[in-house]
S.K.: 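Attaching a single structure in structure tokens format; questions to follow.
A quick note: this is a predicted structure, and the numbers were derived from the prediction, not measured. Side-chain atoms are counted along with the backbone in the values below, which use heavy atoms only and exclude waters and symmetry mates. A note on names: the letters A, B, ... follow the listed sequences, proteins ahead of strands, and every chain is numbered from 1.
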Amino acid sequence: MRWSQTYIPTLREKQSEAELVSHQLLLRGGYIRKLSSGIYLYLPLMQRVIHKFSNIVREEMNRAGALEITMSVLCPAEIWQESGRYNTVGKEQMRLTDRHNHEMVLCGTHEETVTTLIRGEIKSYRQLPLNLYQIQVKFRDEIRPRFGLMRGREFIMKDAYSFDATEESFKESYQKMVDAYFRIFNRAGLDVVKVESDTGAMGGKAAHEFMFLVDTNAGEETILICQKCGYSANVEKAIFRDLEKPAAENELKEMETVDTPNASSIEEVTAFLKVDSRKLVKTLLYIADDKPIAALVRGDREVNEIKLKNSINAIELRMATPEEIEQHTGAPVGFSGPVGLKNIPIITDSLIMDLKNFVVGANAFEKHLVNVNMKRDFQPTKVVDITLAEADDGCPHCGNKLIAQKGIEVGNTFMLGTKYSEALGAKFLDDQGEEHPIIMGSYGIGITRTPQAALEKYYDEKGIIWPKNIAPYLVELIPISMDNSNQVETADKIYKMLIEANIDVLYDDRHERAGVKFNDADLVGIPIRITIGDKSLKQGKIEIKARCEKEFSLVDVDNTLEAVKQLTKKIK
RNA sequence: CGGGGUGUGGCGCAGUCUGGCAGCGCGCUUGCUUUGGGAGCAAGAUGCCGGAGGUUCAAAUCCUCUCACCCCGACCA
């Protein structure tokens with residue numbers, strides 16, 4: 001492609017709307033433009049990147065035996081009502097009515113649609129297993145779109161759905177997808193880690209996320225990794241072994257009320273009472289589906305709200321306001337405690353089981369209770385793990401210390417079980433003639449998000465450095481001067497040579513000064529640059545350089561193709 | 001939804017406090033010169049100052065309402 005024939009509106013100056021480097025680079029490099037909050041237009045270069053990446057995805061999905069289909073973005077609301085998700089997805093689902101006043105939704109995911117398709121088609125175990133996928137637009141009316149393509153309201157996703165008759169068969173299907181995912185991200189030049197994750201609104205039994213590890217603040221998720229045994233999980237999900245157990249005590253002391261003037265925070269109370277924060281129990285009031293609950297965690301720990309939410313099967317969970325705290329406990333913030341709480345479920349973290357003679361708020365202003373003991377002084381409604389795991393906690397499997405890393409979720413896999421097949425009636429007959437719901441899995445990859453995520457890592461102060469397999473073009477051809485017939489003839493010749501070899505070339509044929517072309521080339525980030533200038537052309541040579549390297553090499557004009565092939569092999 | 005902020009030419013911004021010809025840099029157009037890392041000179045074009053209403057002789061500027069966008073939080077396939 002000739003630069004003069006395509007549309008690459010690069011921008012010299014920083015764009016104020018973009019915070020992240022990757023977002024900034026896509027705007028400045030002429031890859032995307034914003035139409036409205038969270039809605040982006042893909043310009044020619046971005047379109048090519050999307051094609052490159054989705055082709056990798058398509059090839060690997062096909063190789064894994066999945067079948068490509070396309071399902072409509074628009075979908076009748078009934079099937080979402082049938083699955084029960086209509087009431088739980090929340091406001092991010094775009095809803096509208098058609099001219100017949102029929103309720104419709106724009107899909108953010110397609111479990112309902114694909115299950116509806118399948119229930120009409122699959123009747124026998126002989127038709128299973130089956131895996132259907134599509135690469136298509138999704139809509140989600142995000143509360144707060146941000147970070148460009150990373151969290152948009154409209155985006156492209158590859159979503160696959162597996163259908164199996166037995167658990168064993170499902171495990172194979174799931175593993176095939178996991179293997180395909182590693183191949184896909186590998187080919188795209190991204191190192192990813194697979195982590196355990198919460199199932200969230202998808203429901204189902206278990207889930208994994210594929211995380212691209214980054215150092216920047218774009219890492220929207222924290223993951224915990226054990227470098228010894230390989231355990232890895234999203235913090236939302238991570239469990240751990242407590243390496244900080246306080247000293248054991250046998251004797252149960254008598255509970256007492258003590259004054260704690262000006263001491264409401266954990267730090268203040270521990271300092272005032274001169275006790276270890278691990279001997280304090282924090283009582284936090286939440287409102288779960290409009291009802292108050294108390295969550296108890298050890299003083300040195302934080303609540304994992306996802307674990308808490310899951311432990312009580314709540315749909316909505318939020319912290320209580322200071323007014324609500326006062327209303328339910330009779331004391332201001334900072335003095336809540338489980339003793340004497342009436343009609344409020346007390347969800348107690350399992351770490352507290354090990355504690356004796358601990359300190360809690362007394363539900364009275366500037367007062368705490370010391371030497372409190374579970375069962376004797378209050379009854380926990382439920383004892384369950386609700387503590388947020390942190391770096392340096394012990395790995396749940398081997399006890400080694402966990403390390404924390406930031407990651408961007410680029411793919412996910414869900415073990416859905418029979419949640420959707422039961423709700424929507426997708427059943428088959430087994431070889432005994434018995435009817436069963438189909439076992440399902442669902443597998444997503446962010447097609448537009450992934451390339452941007454890659455840019456959080458692959459860039460320098462000059463611009464983008466695309467991994468070769470998702471770059472819009474492999475080679476950028478730059479004649480220094482378009483007024484020099486020698487250079488132009490050589491460039492034309494090389495352009496033709498590369499095209500015939502099926503290599504994607506961007507030929508910068510603009511009548512611009514060299515500096516402009518070089519700067520644009522660095523910004524746009526094509527992996528290989530070929531420069532044709534008088535200096536080297538005098539010796540019958542051109543200059544070839546990888547975007548990721550500083551040095552260029554001189555190559556005979558006739559050897560250009562070979563040099564491109566060699567360099568391609570060398571780079572990521 | 002709560003908190004904070006910004007809307008002025010295609011992009012980045014000044015001007016708003018203290019009302020008085022709508023500006024700067026980049027980009028764009030034309031011409032001449034230049035030509036290996038974002039050229040120089042000259043001449044141009046481009047504004048409903050986000051929108052509506054109000055105050056005033058006079059509003060980008062003051063007041064009221066409204067819309068959009070950005071940041072922090074809640075949310076997240």
S.K.: Identify whether any heavy atom of A:Ile143 sits under 4.0 Å from a base atom; if not, whether one sits that close to sugar-phosphate; answer base, sugar-phosphate or nothing.
M.R.: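 Base contact - A:Ile143 has a heavy atom under 4.0 Å of at least one base atom.
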
S.K.: Rounded to whole angstrom, note down the P distance from B:C62 over to B:U6.
M.R.: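 About 12 Å, rounded to a whole number of Å.
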
S.K.: Say we look at B:C70 and B:U8: how far apart would their P atoms be, to the nearest angstrom?
M.R.: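 Each nucleotide's P atom is 14 Å from the other's.
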
S.K.: Within less than 4.0 Å of OP1 or OP2 of B:C76, is there a side-chain N or O belonging to A:Lys309?
M.R.: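 Result: yes.
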
S.K.: Could A:Arg529 and A:Glu476 be called an ion pair, given the rule that one side-chain N must be under 4.0 Å from one carboxylate O?
M.R.: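 Salt bridge absent between A:Arg529 and A:Glu476.
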
S.K.: Examine B:G12: is either OP1 or OP2 under 4.0 Å from a nitrogen or oxygen in the side chain of A:Arg12? Give yes or no.
M.R.: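 So the side-chain polar atoms of A:Arg12 never come under 4.0 Å of the phosphate oxygens OP1 or OP2 of B:G12.
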
S.K.: Does this structure show an ion pair linking A:Lys550 with A:Asp460, if we count only N-O contacts that are shorter than 4.0 Å?
M.R.: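 No, this pair does not count.
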
S.K.: Using a 4.0 Å heavy-atom cut-off across all strands, classify A:Asp483 as base, sugar-phosphate, or nothing.
M.R.: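 Base, at least one base heavy atom under 4.0 Å.
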
S.K.: Out of B:U34, B:G73, B:C11, which has the shortest distance to the side chain of A:Arg513?
M.R.: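 Closest of the options to the side chain of A:Arg513: B:U34.
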
S.K.: Please measure how far the P atom in B:G53 lies from the corresponding atom in B:G10, and state the result in whole Å.
M.R.: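 Approximately 23 Å lies between the P atom of B:G53 and that of B:G10.
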
S.K.: Which nucleotide in the set B:G37, B:A39, B:C71 lies at the smallest distance from any side-chain heavy atom of A:Glu19?
M.R.: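 Selected nucleotide: B:C71.
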
S.K.: Using OP1 and OP2 only, check whether a side-chain N or O of A:Ser16 sits under 4.0 Å from B:G12.
M.R.: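 Yes, because at least one side-chain N or O of A:Ser16 sits under 4.0 Å from OP1 or OP2 of B:G12.
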
S.K.: Touch check for A:Ser197, heavy atoms < 4.0 angstrom, all strands: base, sugar-phosphate only, or nothing?
M.R.: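 No contact at all - A:Ser197 keeps every heavy atom at 4.0 Å or more from the nucleic acid.
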
S.K.: Whole angstroms only, please: what is the CG-P distance between A:Asp198 and B:C75?
M.R.: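 A:Asp198 atom CG is separated from B:C75 atom P by 12 Å.
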
S.K.: Looking only at the side chain of A:Glu142 (C-beta and beyond, no hydrogens), which of the listed nucleotides B:G12, B:C75, B:G37 gets closest?
M.R.: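 The answer is B:C75, which lies nearest to the side chain.
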
S.K.: Looking at A:Arg28 and A:Glu13, is any side-chain nitrogen of the basic one under 4.0 Å from a carboxylate oxygen of the acidic one?
M.R.: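 Looking at A:Glu13 and A:Arg28, the cut-off is not met.
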
S.K.: Between A:Tyr31 and A:Ile8 (side chain of the first, backbone of the second, donor and acceptor by atom type, cut-off under 3.5 Å), is there such a pair?
M.R.: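 Checked: no pair found.
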
S.K.: Counting only Watson-Crick pairs (N1-N3 plus N6-O4 or O6-N4) and G-U wobbles (N1-O2, O6-N3), all under 3.5 Å, who is the partner of B:G53?
M.R.: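 Across all strands, the one nucleotide that pairs with B:G53 is B:C63.
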
S.K.: Reckon A:Asp520 touches a base, only the sugar-phosphate, or nothing at all at heavy-atom distances under 4.0 Å?
M.R.: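 Since a base atom lies under 4.0 Å of A:Asp520, the category is base.
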
S.K.: Salt bridge check: are A:Lys307 and A:Asp198 linked by an N-O gap of less than 4.0 Å?
M.R.: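 No, this pair does not count.
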
S.K.: Taking B:G37 as the reference, what is the distance to B:G44 when you measure between their P atoms (whole Å, please)?
M.R.: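 Going atom to atom, P in each nucleotide, I get 32 Å.
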
S.K.: Check this one for me: any side-chain N or O of A:Arg529 less than 4.0 Å away from OP1 or OP2 of B:G36?
M.R.: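 Checking A:Arg529 against B:G36: no side-chain N or O falls below 4.0 Å of OP1 or OP2.
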
S.K.: So does A:Thr531 get a side-chain nitrogen or oxygen closer than 4.0 Å to the phosphate oxygens (OP1/OP2) of B:G36?
M.R.: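 Answer is no, no contact under 4.0 Å.
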
S.K.: Applying a 3.5 Å limit to both distances, which nucleotide forms a Watson-Crick or G-U wobble pair with B:G19?
M.R.: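 Base partner found: none.
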
S.K.: Below 4.0 angstrom, N of the basic side chain to O of the carboxylate: do A:Glu17 and A:Arg146 qualify?
M.R.: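 Salt bridge absent between A:Glu17 and A:Arg146.
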
S.K.: Quick one: which of B:C69, B:A39, B:C76 gets closest to the side chain of A:Ser36?
M.R.: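 Comparing B:C69, B:A39, B:C76 against the side chain of A:Ser36, the answer is B:C69.
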
S.K.: Rounded to the nearest angstrom, tell me the gap between atom CE in A:Met482 and atom P in B:G36.
M.R.: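 Going from CE in A:Met482 over to P in B:G36 covers 16 Å.
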
S.K.: Would one find a side-chain N or O of A:Ser37 under 4.0 angstrom from OP1 or OP2 of B:C70?
M.R.: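 Checking B:C70 against A:Ser37, a side-chain N or O does come within under 4.0 Å of OP1 or OP2.
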
S.K.: Counting only Watson-Crick pairs (N1-N3 plus N6-O4 or O6-N4) and G-U wobbles (N1-O2, O6-N3), all under 3.5 Å, who is the partner of B:G25?
M.R.: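 B:G25 is paired with B:C11.
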
S.K.: Is a salt bridge present between A:Lys237 and A:Glu196, judged by a nitrogen-to-oxygen distance below 4.0 Å?
M.R.: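 Result for this pair is no, no salt bridge flagged.
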
S.K.: It should be established whether A:Gln15 places a side-chain nitrogen or oxygen under 4.0 Å from OP1 or OP2 of nucleotide B:C11.
M.R.: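 Indeed not, no polar side-chain atom of A:Gln15 lies that close.
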
S.K.: Base, sugar-phosphate or nothing for A:Gly444? Non-hydrogen atoms, less than 4.0 Å.
M.R.: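 Since no nucleic acid heavy atom lies under 4.0 Å of A:Gly444, the category is nothing.
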
S.K.: Let me know the distance between CG of A:Asn519 and C1' of B:C26, rounded to the nearest Å.
M.R.: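 Taking atom C1' of B:C26 as the reference, CG of A:Asn519 is at 14 Å.
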
S.K.: A:Arg151 side chain N/O closer than 4.0 Å to the phosphate oxygens (OP1, OP2) of B:C76?
M.R.: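 False: A:Arg151 side-chain N/O out of range (4.0 Å or more) of B:C76 OP1/OP2.
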
S.K.: Rounded to the Å, how far apart are A:Glu305 CD and B:C76 P?
M.R.: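 The distance from CD of A:Glu305 to P of B:C76 comes to 10 Å, rounded to the nearest Å.
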
S.K.: May I ask you to say what A:Glu409 touches in the nucleic acid, namely base, sugar-phosphate or nothing, with a heavy-atom cut-off under 4.0 Å?
M.R.: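 Result for A:Glu409 = nothing.
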
S.K.: Whether the side chain of A:Glu13 and the base of B:G25 hold a donor-acceptor pair under 3.5 Å is what I'd like checked.
M.R.: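 Result: at least one qualifying N/O pair found.
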
S.K.: Does the side chain of A:Lys91 get closer than 4.0 angstrom to OP1 or OP2 of B:C1 through an N or O atom?
M.R.: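 The answer is no; no side-chain N or O of A:Lys91 sits under 4.0 Å from OP1 or OP2.
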
S.K.: Among B:C76, B:G38, B:A74, which nucleotide sits nearest the side chain of A:Arg144?
M.R.: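 For the A:Arg144 side chain, the nearest candidate turns out to be B:A74.
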
S.K.: Base of B:G37, side chain of A:Asp522 - is there a donor-acceptor contact under 3.5 Å?
M.R.: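 Check passes, donor-acceptor contact within cut-off.
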
